[in-house]
Amino acid sequence: MNAPSPSTDPYLEAIRTLPRLELLEALDELPAADQLDVLRLRFETDLLWFGSYVWGERFYLPYNVAHEWIADNVGGLPPWRERVTLGLKETCRAVEAPRGLAKTMFLKLLILRAITYDREPYIMWLGGSVDEAVKETRHIRAFLESPSAEFLELYGQPKVKGTDKDWTVQMPTTARPIKVSTRGIPRGRVRGSNFNGQRPTFIVGDDIEHPDSQRNPRLRDGLTTYINSDVRNAGPKEGGLVWCQFGTRLGQDSQTARAAKDPAYDAKRFQSVIQWPTRADLWEECKELWADLTDPDRRDTAERFYQRNRAEMDRGCEVLDANAQPIYMLYTLLWSKGWYSFLADYQNDPSDPNRQIFFPEKWKRCRFDGEVITTSKGRTVRLSECKQAFWLDPRASEELERNDYAALAHVAKDKLGYVYVLPCDMRRDNTASQLARVWTAFEMQHNRALYGYEDNGFQTMMGREFERQKQARRQAGKVWTCHLQGFRSTENKIDRISSLAPRFDIGHIEVCTDLHP
């Protein structure tokens, strides 16, 4: 459809600006063909209605304020040719949104609308890897190859050609094909890319930063340089490039955090919980029910408690999306993931200076008399009924008056799944003395317990010395059948340690009162 001009035509202005319900009522007065013309005209500027109408299987929930901001501040940008006419050299947008709120789907919707209305001659998708980028653009391509009935009725069948990495699509009403390319950051070549002399006009980046990379200052600087030097210089010589970056904040100096401070960007950060409820005491009581391993129906018990007290528990609360992420769901995510992950994934606030991973003053405490564990709730558990493990965290230094401690931890797990950290033996001693402690533990518990140690780096020597001692004990007629298993850590240490935090928070790990602070 060739839209009439000028754009100030009151009829066209009404189509673009009337509230949807009023426009739908007016459509009832028009013939079917004219109804389609009106919808085509409206959808060119109404991204949200376009999405729910033609891609209803994906955009069926009510939109939230983050979606509305994206629609206004990214979807509301003029098409490329108009941006060139307006003299816009580049436009940078950055959105930090919680996980699970369809931010990637909105990038796909922006691209689908750009293709449908011939708004961008060359579109490029950047991902954390080329495989990730291809996976997302393949979804757009699959829709174009088999569109919804609503899309077909309005726009006809697109023609798609090319590989998963680089493909073109042509709409029945457009004179030229539109190019879609995918690249992986930071190795994918962006600058210099062109299609029949046309350089990219709309480049999107979706979760382009890896958690491990953002911990390294050199890699963080390298990514910023790549974006500023390659991506933002990849557009047409006439100008008009749009660079749009969506992600979740990974650290206080991550790429999205840097973009939020960069005056070149129009940036926005969204959080799942805008305002926490005032009745923290009721939520704490609900958490206790949710985490109670003695109750096989604990999740149902906790939800019933919430429903009975919902009015009080919701008081003062404001969330970003009450449909996709209601407050009860967010609390259960908090309980299962812990503050460390929740603040990063759902609040875009991994660098809160008041945040810490562990809160020892809130830990559940148990008592241990050598045979019986008395839990924080007064339940008694015999050690002989538990699975037990001894874990040695070795030290290499022979300096007995300074440096790190060697720790031998004793941990028990009962039949319900509760874990108890029993007294921990921490000393500055040499290798022989550290292994002597393991043998002492084995002489008490024998094969009723598991025995392990960290064997990263120098600690591999610990295992060799243990095997030597094992054979010596055998020849001397002492107990010798202990199997000490070495474990090599490959995960990031901070992530590995912090993964225990939610289990402490909900009381599934209790710490013996005899354990020194």
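Remember, it's a predicted structure, so these values are computed and weren't measured experimentally.
A side-chain donor-acceptor contact under 3.5 Å links T248 to the backbone of A97. Remark: side-chain polar atoms of D297 are not paired, donor with acceptor, to backbone N or O of D300 under 3.5 angstrom. Side-chain atoms of R503 do not come within 3.5 Å of backbone N or O of I509 as any donor-acceptor pair. In this structure a side-chain-to-backbone donor-acceptor pair under 3.5 Å is missing from S229 to Y226. Within the 3.5 Å criterion, the main-chain N or O of F504 finds no donor-acceptor partner in the side chain of W363. Checking side-chain atoms of R183 against main-chain N and O of L126 turns up no donor-acceptor pair under 3.5 Å. At least one donor-acceptor pair closer than 3.5 Å links the side chain of R93 to the backbone N or O of N73.
For the pair R232 and W243, the NZ or CZ position fails the cation-pi test of under 6.0 Å to the six-membered ring centre and within 45 degrees of the ring normal.
Counting all heavy atoms, side chain and backbone alike, C244 lies closest to V74 at SG-CG1, 3.9 Å. Scanning both residues, I70 and F106, for their nearest heavy atoms gives CG2-CD2, 4.2 Å. Residues C92 and A264 share a closest heavy-atom pair of CB-O, 3.5 Å. Closest approach of A344 and P350 over heavy atoms only: CB-CB, 4.0 Å. The two residues A66 and L320 come nearest to each other via the heavy atoms N-CD1, 4.2 Å. The heavy-atom pair separating Q325 from M329 by the smallest distance is CA-SD, 3.8 Å.
Take R496 and apply the salt bridge (charged side-chain N to carboxylate O under 4.0 Å, His left out) test, not counting sequence neighbours, and it matches no residue. For K165, there are no salt bridge (charged side-chain N to carboxylate O under 4.0 Å, His left out) partners at least two apart in sequence or on another chain.
Summarising the geometry, atom CG belonging to N309 is positioned 10.0 Å from atom CD belonging to Q307; distances are rounded to the nearest 0.5 Å. The structure places CD1 of I327 at 3.5 Å from SG of C317, a figure rounded to the nearest 0.5 Å. For the atom pair D253 CG and D221 CG, the distance stands at 7.5 Å (nearest 0.5 Å). In this structure, CH2 on W49 lies 7.0 Å from CZ on R20, to the nearest 0.5 angstrom. To the nearest 0.5 angstrom, H446 atom NE2 is 12.0 Å from Q388 atom CD.
T431 and E465 share no donor-acceptor pair across their side chains, judged by distance under 3.5 Å alone. Checked by atom type, the side-chain pair N430/S433 shows a donor-acceptor distance below 3.5 Å. In this model, a donor atom of one side chain and an acceptor atom of the other lie less than 3.5 Å apart for W439 and Q469.
Under the side-chain hydrogen bond (donor to acceptor under 3.5 Å, both in side chains) test applied with R249, the options Q347, Q255, E209, E96 reduce to a single match, E96. The residue from V242, I123, L47, V204 that alone fulfils the side chain to side chain contact (heavy atoms under 4.5 Å, CB included) condition with L110 is L47.
Salt bridge status for E467 with R464: absent, with no side-chain N to carboxylate O gap under 4.0 Å.
Taking the six-membered ring wherever Trp is involved, the centroid distance between the rings of F442 and Y451 falls below 6.0 Å. Ring centroids of W55 and F50 are separated by 6.0 Å or more, keeping the two rings apart.
Under a cut-off of 6.0 angstrom, the local environment of CZ in R379 is crowded, with over 12 non-hydrogen atoms contributed by other residues, nucleotides or ligands.
Using a 30° and 60° split on the angle between ring planes, Y63 and F59 fall in the tilted class, from 30° to 60°. Relative ring orientation between W335 and Y328 is described as perpendicular, the plane-to-plane angle rising above 60° on a 0-90° scale split at 30° and 60°. Ring geometry for H410 versus F368: interplanar angle over 60°, hence perpendicular rather than tilted (30 to 60°).
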